[in-house]
Visitor: 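Structure provided below as structure tokens; questions to follow.
One-based numbering along the sequence shown. None of these values were measured; they are calculated from a predicted model.
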Amino acid sequence: MSHLIFNRVLKIVGFMALAAIFAVPAANAASSKSKNSIVKKQHASKASAPKKVISTRKSVRFVASTKHRRSIIRASVPARPSFGQIAGLHSAQDALELKSSVALVIDQDTREVLFSKNDHAVLPIASLTKLMTGVIISGAKLPMDELITVTQDDVDTEKGSSSRLKVGTSLTRGELLHLALMSSENRAAHALGRTYPGGMATFVSLMNAKAKMLGMTDTSYVEPTGLSSRNQSSAQDLATLVNAAHGDPMLRELSTSTGYQVAIGSRTLQYNNTNRLVKNPEWDIGLQKTGYISEAGQCLVMQTKIAGRKLIMVFLDSAGKLSRLGDAERVRRWVESNPVVEPKMNVSTSVKQVNG
């Protein structure tokens, strides 16, 4: 009897030991599964975490890399102030609230000044220079069909501006003059001066001599494009130049042309006028020229007819790409809405010469 009881106890102990042996791997597996689950949750939590946002006042661009992530910070460079801004000319107020710091409107026939603002201040004139370039070329009576080739000497090293006239391009003198006056093509204007009989030095001396002959006492030129800020003048002098240039039929036609095509090899290049007002049916423009470099601001001169009157308009150092055209529109509306006997408006400062 005791023997049977002993055998049963032994069997029970054996079953319990065997159960314990199988229970250990199961527990380890459960523990491993739990740990993996925790790890996966941690990875998921890390992946879904929001990226850190870096806020700065400068524009930031992130560039992905296979090894690491790096950031490139590009800071915008503020525009260089114009000479007029440096001299404080923009502080002058006027009734028309013009954006140009210098303005002059005169009756071409009577020489009556209808509107003036800092009209004796001497400032850089940018591509308004090309109007004098045209005066010299036209007056020389050189053959307009003579071919001129653009060379490396015509490439802008002053401002680094681009041009569609590549080195080696050959156009006639007439085509280059057209592009210079209508589209303000710098290489075209430079090539005209470079190939003038006697060379560039002779051409520039003729520009200055012509200015002196016209009584433009505030004007000086150092090159024919206007890229140099040392080409300077006043609104009064520029009105005199516009009046003289308007007497030349070729300059009137080329400067107010709305568009022009030139054939260069197998290609045809389309050029357009830099002054969109020439396409506006509300305007009757007889001669015009635009200009811009940072030192000069946005510039515009025009001969136009408004309310039956022939007017010469000069706008210098205008702030904003389209503001010179907006100023011209303001003046046009003002002239149209005021009788001829309206007294002139005059806004001026004590600034005579603005030095660079």
Visitor: Checking side chain to side chain donor-acceptor pair (under 3.5 Å) for the pair K289/T274: CA distance, chi angles, key distance, verdict?
Guide: CA-CA 8 Å; K289 188 68 196 76; T274 54; 4.6 Å; no
Visitor: Looking at side-chain heavy atoms only, is the closest gap between L238 and I125 below 4.5 Å?
Guide: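 They are in side-chain contact.
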Visitor: Just by distance, with hydrogens left out, do Q303 and H246 show a side-chain donor and acceptor under 3.5 Å apart?
Guide: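 Yes, side-chain donor-acceptor contact under 3.5 Å.
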Visitor: Would you call R333 and E336 a salt bridge, taking side-chain N to carboxylate O under 4.0 Å as the test?
Guide: no
Visitor: Is it true that D327 and R324 have a side-chain N and a carboxylate O under 4.0 angstrom from each other?
Guide: no
Visitor: Find the distance between NE2 (H90) and OG (S82) and round it off to the nearest 0.5 Å.
Guide: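 Nearest 0.5 Å value for the NE2-OG distance: 4.5 Å.
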Visitor: State which residues pass side-chain hydrogen bond (donor to acceptor under 3.5 Å, both in side chains) with E223; sequence neighbours excluded, sorted by chain then number.
Guide: T225, N231
Visitor: Among all residues two or more places apart in sequence or in another chain, which pass the side-chain hydrogen bond (donor to acceptor under 3.5 Å, both in side chains) test with E146?
Guide: R173
Visitor: Relative to the ring of W334, is the ring of F115 parallel (under 30°), tilted (30 to 60°) or perpendicular (over 60°)?
Guide: perpendicular
Visitor: Is there a side-chain contact between F315 and V102 in this structure, where contact means two heavy atoms from C-beta onward sitting under 4.5 Å apart?
Guide: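 Counting from C-beta outward, F315 and V102 never come under 4.5 Å.
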Visitor: For S161 and D156, which I'm curious about, is there any donor-acceptor pair between the side chains at under 3.5 Å?
Guide: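 Indeed, the side chains of S161 and D156 share at least one donor-acceptor pair under 3.5 Å.
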Visitor: Please report the interatomic distance CG(L277) to OG1(T256), rounded to the nearest 0.5 Å.
Guide: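 Here the interatomic distance stands at 12.5 Å.
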Visitor: I want to check something: taking the side chain as every heavy atom from C-beta on, are V113 and V105 in contact at a cut-off of under 4.5 Å?
Guide: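 Contact flag for V113/V105 side chains = no.
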Visitor: Is it true that the side chains of Q288 and N273 contain a donor and an acceptor less than 3.5 Å apart?
Guide: yes
Visitor: Is the closest side-chain heavy-atom distance between L176 and T172 below 4.5 Å?
Guide: no
Visitor: Would a 4.5 Å heavy-atom cut-off, applied to side chains only, mark P224 and F203 as touching?
Guide: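 They are in contact (side-chain heavy atoms under 4.5 Å apart), so the answer is yes.
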Visitor: Drop me the distance from M302's CE to I312's CD1, to the nearest 0.5 angstrom.
Guide: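 Here the interatomic distance stands at 11.5 Å.
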Visitor: List in chain and number order the residues that pass salt bridge (charged side-chain N to carboxylate O under 4.0 Å, His left out) with E175, two or more places apart in sequence or in another chain; answer none if no residue qualifies.
Guide: none
Visitor: Would you kindly check if the NZ (Lys) or CZ (Arg) of R164 is within the cone defined by 45 degrees around the ring axis of Y271 and under 6.0 Å from the six-membered ring centre?
Guide: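 Because its charged atom sits under 6.0 Å from the ring centre and within 45° of the axis, R164 does stack over Y271.
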Visitor: Would you please test T258 and K279 for side chain to side chain contact (heavy atoms under 4.5 Å, CB included) and show each step?
Guide: CA-CA 7 Å; T258 58; K279 295 182 179 180; 3.8 Å; yes
Visitor: Could you check whether D153 pairs with R194 (Lys NZ or Arg NE/NH1/NH2 to Asp/Glu carboxylate O, under 4.0 Å)?
Guide: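 Result for this pair is no, no salt bridge flagged.
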Visitor: Between K159 and E295, is there a side-chain heavy-atom distance shorter than 4.5 Å?
Guide: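 Yes - at least one pair of side-chain heavy atoms lies under 4.5 Å apart.
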Visitor: When you look at V150 and K166, which way does the side chain to side chain contact (heavy atoms under 4.5 Å, CB included) test go after all the steps?
Guide: CA-CA 7 Å; V150 175; K166 295 183 178 181; over 6 Å; no
Visitor: Side chains of D218 and S233: is there a donor and an acceptor less than 3.5 Å apart?
Guide: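 The criterion, which ignores hydrogens and geometry beyond distance, is not satisfied for S233 and D218.
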Visitor: Quick check on E253: does its CD atom have over 12 non-hydrogen neighbours (other residues, nucleotides or ligands) under 6.0 Å away?
Guide: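 Result for CD/E253: open.
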Visitor: Is it true that the side chains of T219 and D237 contain a donor and an acceptor less than 3.5 Å apart?
Guide: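 Per modelled atom types, T219 and D237 side chains form a pair under 3.5 Å.
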Visitor: Carefully, step by step, assess V135 and K210 under the rule side chain to side chain contact (heavy atoms under 4.5 Å, CB included).
Guide: CA-CA 9 Å; V135 168; K210 184 66 174 182; 3.8 Å; yes
Visitor: Can you tell if the side chain of L300 reaches within under 4.5 Å of the side chain of V314, non-hydrogen atoms only?
Guide: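 No, their side chains stay 4.5 Å or more apart.
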Visitor: Nearest heavy-atom pair of L104 and A235: which atoms, and what distance?
Guide: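 So the minimum-distance heavy-atom pair works out to CD2-O, 3.5 Å.
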Visitor: Assess, by modelled atom type and distance only, whether the side chains of N118 and S101 contain a donor and an acceptor separated by less than 3.5 Å.
Guide: no
Visitor: To the closest 0.5 Å, what do you measure between OG (S184) and OH (Y292)?
Guide: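 That separation rounds to 13.0 Å.
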Visitor: Hey, does K305 have a side-chain heavy atom less than 4.5 Å from the side chain of L311?
Guide: no
